[in-house]
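So the structure is just underneath, and the comments pick up after that.
One-based numbering, in listed order, for ligands and for the atoms of each.
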Amino acid sequence: MARIGIIGSGVVARTLGSGFLEHGHEVTLGTRDVAQLEQWRQETGGRGQVGSFADAAAFGEIVVLATKGAATKAAMGLAGIANLTGKTVIDTTNPIDDTQSPRDGVLSFYTEAGDSQLERLQALAPAARMVKAFSCVGAPFMVNPPFSEKPTMFICGNDEAARRQVAGIVAQFGWEVEDAGSAAAAGAIEALCILWCIPGFRENRWTHAFRMVKL
Ligand SMILES: NC(=O)c1ccc[n+]([C@@H]2O[C@H](COP(=O)([O-])OP(=O)(O)OC[C@H]3O[C@@H](n4cnc5c(N)ncnc54)[C@H](OP(=O)(O)O)[C@@H]3O)[C@@H](O)[C@H]2O)c1
């Protein structure tokens, strides 16, 4: 049981927020405009709380970043970098370049080879224990994925204890966890977002998840 602060009001924030509540945690969602979360708050029977980005970050023992990729640095600034100090911070964001349309279904990222969103955010908040997770699947499947076999969630981050903590949450949400090690793996995990979206943009198929099969 933990207090979870989620920076964001979009489908990822609301889905994970409801998931954390369902699994027994306390949740505050943060936004620049609380009115847009009133429906979500009511859907949770008032158990889900809403506030500013800073309210959510201060509330959370664990903080989740669920903002538009390119806006995440700004959102972290509003949340207060000091509010992330020493905390496990789950980064769900993908560095999608919204100025470009997908080419043959392939999204463009604003990051480059050898670089990643997670590493950029970690550099902005060096005292946060950042872990990439939930970035490689569509929001409807993040909590209790309804597939016939357990899909695999890839996570990474520099702090081993934080990765273990996030692995526990991801497993609680119904996933097999593949711990890919340090933040150096983030670019590879983030690229799975591009792969996941290709069937969607090409053939309007959005109902899948990755599974690592093993001998
Ligand atoms: N959608 C999915 O299925 C999915 C799956 C995996 C990963 N992701 C990643 O998860 C993240 C969230 O995705 P989403 O679809 O839920 O929402 P989104 O539409 O990508 O982002 C919405 C959030 O971004 C914030 N935001 C937008 N512009 C901002 C700015 N200039 N300054 C500060 N904050 C700003 C909004 O703040 P306000 O609350 O103030 O409006 C809102 O909380 C993204 O990085 C996305 O790539 C999405």
Side-chain angles (χ1 to χ4, degrees), residues 4-20 27-41 48-57 60 63-81 83-84 89-100 102 106-111 116-121 124-125 130-146 151-156 166 170 173 175 186-187 189-201 204-210:
I4 313 291
I6 302 184
I7 312 299
S9 62
V11 62
V12 172
R14 286 180 275 115
T15 301
L16 290 179
S18 298
F20 277 111
V27 177
T28 295
L29 255 57
T31 175
R32 293 167 300 167
D33 172 16
V34 290
Q36 61 185 331
L37 284 171
E38 181 53 22
Q39 189 184 342
W40 176 81
R41 198 187 67 78
Q49 302 168 63
V50 303
S52 66
F53 287 155
D55 290 336
V63 177
V64 180
L65 301 175
T67 41
K68 189 174 139 113
T72 302
K73 283 189 176 180
M76 284 169 65
L78 292 170
I81 300 298
N83 281 327
L84 307 179
V89 176
I90 302 176
D91 172 28
T92 72
T93 70
N94 281 307
I96 295 169
D97 179 355
D98 288 330
T99 65
Q100 301 199 43
V106 181
L107 281 167
S108 292
F109 276 3
Y110 52 75
T111 44
S116 68
Q117 173 86 343
L118 181 78
E119 289 164 295
R120 291 186 185 193
L121 301 181
L124 189 66
M130 303 202 62
V131 180
K132 193 95 214 171
F134 297 113
S135 61
C136 64
V137 72
F141 307 114
M142 288 180 178
V143 183
N144 307 330
T152 308
M153 181 58 66
F154 297 87
I155 70 168
C156 73
V166 174
V170 171
F173 282 15
W175 291 81
I189 294 177
E190 289 165 7
L192 292 175
C193 157
I194 299 177
L195 194 57
W196 188 88
C197 288
I198 288 174
F201 288 125
N204 202 26
R205 289 189 288 120
W206 299 97
T207 51
H208 46 269
F210 295 112

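- Using a 4.5 Å cut-off on side-chain heavy atoms (C-beta onward), Phe134 and Val64 make no contact.
- At a cut-off of 3.5 Å, with distance as the only test, a side-chain donor of Gln36 or Thr31 sits close to an acceptor on the other residue.
- Ser52 is not listed as a side-chain neighbour of Leu78, based on a closest heavy-atom distance of 4.5 Å or more.
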>> For Phe201 and Trp196: C-alpha separation, side-chain torsions, deciding distance, then whether ring-ring contact (aromatic ring centres under 6.0 Å, His included) applies.
In response: CA-CA 10 Å; Phe201 288 125; Trp196 188 88; 9.3 Å; no

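- For ligand 1, residues of the protein lying within 4.0 angstrom by heavy-atom distance are Gly8, Ser9, Gly10, Val11, Val12, Thr31, Arg32, Gln36, Phe53, Ala66, Thr67, Lys68, Gly69, Ala71, Thr92, Thr93, Asn94, Ile96, Phe134, Ser135, Val137, Gly138, Ala139, Met142.
- To the nearest 0.5 Å, atoms NZ (Lys132) and OG1 (Thr92) are separated by 7.5 Å.
- Looking at heavy atoms from C-beta onward, Cys193 lies in side-chain contact with Leu107 at the 4.5 angstrom threshold.
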